[in-house]
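Before any comments, here is the structure.
Letters A, B, ... are given to chains in the order of the sequence lines, protein chains preceding strands, and every chain is numbered from 1.
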Protein chains: 2
Amino acid sequence: MNQKPTLKVLAEKLQLSTSTVSKALKDSAEISIDTKTRVKELAKLMGYRPNTAAASLRNRETRTIAVVLPEIVNDFFGQVLMGIEEEASQHNYKIVICISNESYIKERDYIEMFSNGAVDGFIIAASMETQELNQYEHYNDILNSDLKLVMFDRVIDDLDCDKIIVDDAASGSRLVDFLKKKGDRNLCVASTISKLSVGQLREKGIRLKVDNCPDLKLEYVLEDEDDIFMKKMEETLTSKKTDAIIALDQRSGIMALNKAKELDIKVPEQLQIICYSNSTMAKYSYPQLTVVDQHSKELGKKTFTRILNLMKNKDEVQVTRIHTLKTTLLERGTTRK
Amino acid sequence: MNQKPTLKVLAEKLQLSTSTVSKALKDSAEISIDTKTRVKELAKLMGYRPNTAAASLRNRETRTIAVVLPEIVNDFFGQVLMGIEEEASQHNYKIVICISNESYIKERDYIEMFSNGAVDGFIIAASMETQELNQYEHYNDILNSDLKLVMFDRVIDDLDCDKIIVDDAASGSRLVDFLKKKGDRNLCVASTISKLSVGQLREKGIRLKVDNCPDLKLEYVLEDEDDIFMKKMEETLTSKKTDAIIALDQRSGIMALNKAKELDIKVPEQLQIICYSNSTMAKYSYPQLTVVDQHSKELGKKTFTRILNLMKNKDEVQVTRIHTLKTTLLERGTTRK
DNA sequence: ATGAAAGCGCTAACAT
DNA sequence: ATGTTAGCGCTTTCAT
């Protein structure tokens with residue numbers, strides 16, 4: 001039980017005042033080199049660590065960001081979190097994590113819980129429920145306080161805050177081009193996330209493109225219950241002559257692949273599959289799924305950098321920015337060369 | 001920019017002292033019902049939220065726990081984290097997350113960073129490097145302070161702290177029994193985690209059991225590089241007449257299954273596969289992998305409950321406890337009925 | 001170059 | 001039942 005030394009303890013040992021010690025540790029120009037060295041040496045020796053609570057109280061900043069995620073057992077959010085965390089720890093920031101579990105209420109409660117000087121800002125991806133209800137007063141509460149807010153991936157269109165997203169619509173369009181060049185004509189969009197903004201954007205990009213190509217046809221399998229999804233997918237694959245599936249999320253991608261195997265459809269020879277999100281599951285499927293890589297970790301880093309800037313330039317007028325990251329297609333085993 | 005009200009502000013508006021207000025909000029018996037009601041009403045109206053930094057400073061407790069995880073893009077750790085988080089938020093605790101990325105140095109740095117009154121305790125699963133180096137002075141630093149420590153899953157044997165683990169050795173032994181009953185004789189242990197305590201325990205349980213059954217044979221494919229693993233697995237599956245694979249982690253399990261498909265070995269008719277950890281990947285493989293369910297979320301909840309108890313009973317003498325959770329076999333598509 | 005003093009917001013021992 | 005006061009550990013303004 002070695003007691004944590006405080007400024008006061010250091011000051012007493014060195015026969016100095018706490019303010020001198022404080023300044024010395026901060027390398028203030030007011031303090032003599034000699035004193036600085038003595039102070040720092042003792043501080044190191046005694047393992048002095050400034051008390052965060054006291055510093056927060058005094059400085060009105062916690063160096064802590066709350067990250068609100070819909071789920072955590074999910075490679076995409078896990079990777080984003082990694083990026084956020086890496087960037088944060090590099091800047092000596094802490095990350096507290098809140099899992100909304102796709103629930104609006106939990107999200108709102110978390111925001112309330114941390115809106116009391118516990119954190120300096122929020123990084124949020126909206127829960128499914130929030131996007132369905134289109135209810136976002138709780139986000140406005142943040143914006144009306146002096147806390148910062150950056151949203152990523154699952155964002156609210158009408159909300160005037162900083163957003164980091166990927167080129168969902170544009171990427172959808174590119175995928176159609178890609179498949180068309182390979183000779184595919186009958187495409188199918190599969191999704192378990194049609195309730196989400198990102199799902200809708202991806203679908204929209206695809207649909208607009210297909211509408212512009214008279215020779216292309218588009219089917220849909222939209223369903224978030226696994227069993228029903230599998231049934232609908234079976235119907236589509238047996239009754240239509242589907243050439244390719246674009247899966248808007250990893251779950252629908254892997255299920256489509258499994259159904260194809262079950263029906264003895266050769267992938268990619270008879271059926272190509274492209275799937276959103278570069279997940280572990282996609283990497284270890286057989287054959288490896290061709291995926292749209294969202295560079296999730298990079299997205300996380302960008303998101304943190306953005307909120308860091310908001311906090312640094314407190315007084316300057318901020319231009320609300322929407323930052324769009326470009327995705328890339330990772331061609332693997334479920335598409336033809 | 002509505003300013004956050006403080007106790008002082010409430011007190012002024014109500015013509016009371018801050019201490020009365022503070023006590024009223026805490027439902028102190030000293031305060032009249034009438035006053036309590038008035039105070040609470042105004043507090044609610046003005047959206048009063050106690051300042052966490054001030055409370056921490058004053059109470060010497062942060063109601064925050066640091067969770068140090070080797071990785072986060074990993075269903076097991078994700079599920080554990082969910083459990084921890086759920087339990088924590090129920091008790092009005094915050095969770096800050098630290099990702100060691102399997103690095104000893106990062107782990108040590110995090111512990112140092114938070115050992116200054118930023119948190120009340122640590123929940124840790126040791127990084128691979130820490131387990132390899134068998135270096136755990138940083139954990140002792142925690143134990144020598146007044147901070148609490150609970151380890152889970154990846155624990156250090158020689159360390160005298162609370163631990164929550166699963167019955168790795170016993171479960172290994174049970175798996176052998178299970179396979180033997182199905183008539184399998186040539187078993188193979190596959191693992192990408194032989195450096196980890198859990199991997200070693202599982203292997204040990206299996207080996208001891210096999211040694212006791214003269215009719216059983218045991219092969220090994222231990223390798224953490226994907227490509228090399230696949231090569232070694234191919235050798236084993238073609239040259240030996242392996243009846244069943246016990247994969248000590250999800251990655252080796254899915255790779256074994258993929259290799260079997262590649263070699264046109266029928267699963268589970270010709271080869272059974274059992275795999276540790278109930279992951280999304282295992283659930284969406286084809287066929288679905290039979291897995292050892294570690295009840296990870298429950299494990300997370302237990303872990304938090306344990307540290308909560310340590311914090312509540314500060315003064316009582318604590319008996320260091322090792323809590324072992326029982327795993328269950330989830331029979332699915334890669335084992336025969 | 002150093003120190004004294006005030007105060008961040010809260011709590012609790014000690015008056016009244 | 002309510003109020004006064006001191007202090008948690010730190011920073012910063014203002015002396016000296």
T6(A) has a side chain; which of dG3(C), dG9(D), dT11(C) sits nearest to it? dG9(D)

Could you tell me whether D120(A) and K148(A) make a salt bridge, using a distance below 4.0 angstrom between a side-chain N and a carboxylate O? no

Side-chain N or O of K23(A) closer than 4.0 Å to phosphate OP1/OP2 of dT12(D): no

So what does A29(A) touch, heavy atoms closer than 4.0 Å: a base, only the sugar-phosphate, or nothing? sugar-phosphate

Reference residue V39(A); test side-chain contact (heavy atoms from CB on, under 4.5 Å); the match among L7(A), D34(A), L25(A), I31(A): L25(A)

Could you state the atom-to-atom distance from CG of L7(A) to C1' of dC8(C) in whole Å? 15 Å

Compare every heavy atom of T52(A) with every heavy atom of K94(A), then report the nearest pair and how far apart it is. NZ-CG2, 3.2 Å

dC10(D) P sits how many Å from R60(A) CZ, rounded? 18 Å

Got more than 12 heavy atoms from elsewhere within 6.0 Å of CG, L133(B)? yes

Rounding to an integer number of Å, can you tell me how far E61(B) CD sits from dA12(C) P? 10 Å

Using only side-chain N and O atoms of S22(B), determine if any of them is under 4.0 Å from OP1 or OP2 of dT11(C). yes

Distance, rounded to the nearest Å, where K4(B) contributes NZ and dC8(C) contributes C1': 14 Å

note: R63(B), atom CZ; dT11(C), atom P; distance rounded to Å ~ 12 Å

So, does the side chain of S19(A) form a donor-acceptor pair with the base of dT2(C) at under 3.5 Å? no

T18(B) or I33(A), whichever maps to the more 5' nucleotide of DNA chain C: I33(A)

Check whether any side-chain nitrogen or oxygen of S17(A) sits under 4.0 Å from OP1 or OP2 of dG3(C), and answer yes or no. yes

So what does S56(B) touch, heavy atoms closer than 4.0 Å: a base, only the sugar-phosphate, or nothing? nothing

Phosphate OP1/OP2 of dG9(D) contacted by Y48(A) side-chain N/O (<4.0 Å): no

Would you kindly give the CD1-to-P distance between I31(B) and dT2(D), to the nearest whole Å? 6 Å

Separation of L57(B) atom CG from dC8(D) atom P, in whole Å? 9 Å

Looking at E87(B) and R306(B), is there a salt bridge between them, counting it only when a charged N and a carboxylate O are closer than 4.0 Å? no

Please state how far atom CG in L16(A) lies from atom P in dT16(D), giving the value in whole angstrom units. 20 Å

Just to confirm, is there a sub-4.0 Å distance from OP1 or OP2 of dG3(D) to any side-chain nitrogen or oxygen of T20(B)? yes

Taking NZ, NE, NH1 and NH2 as the nitrogens, is one of them in R108(A) or D141(A) under 4.0 Å from a carboxylate oxygen of the other? no

Which comes earlier along DNA chain D counting from the 5' end, the contact point of A54(B) or that of K36(B), where each point is its nearest nucleotide? K36(B)

Using a heavy-atom cut-off of under 4.0 Å over every strand shown, decide if A11(B) touches base, sugar-phosphate, or nothing. nothing

Does the dA1(C) base have a donor-acceptor partner in the side chain of S32(A) within less than 3.5 Å? no

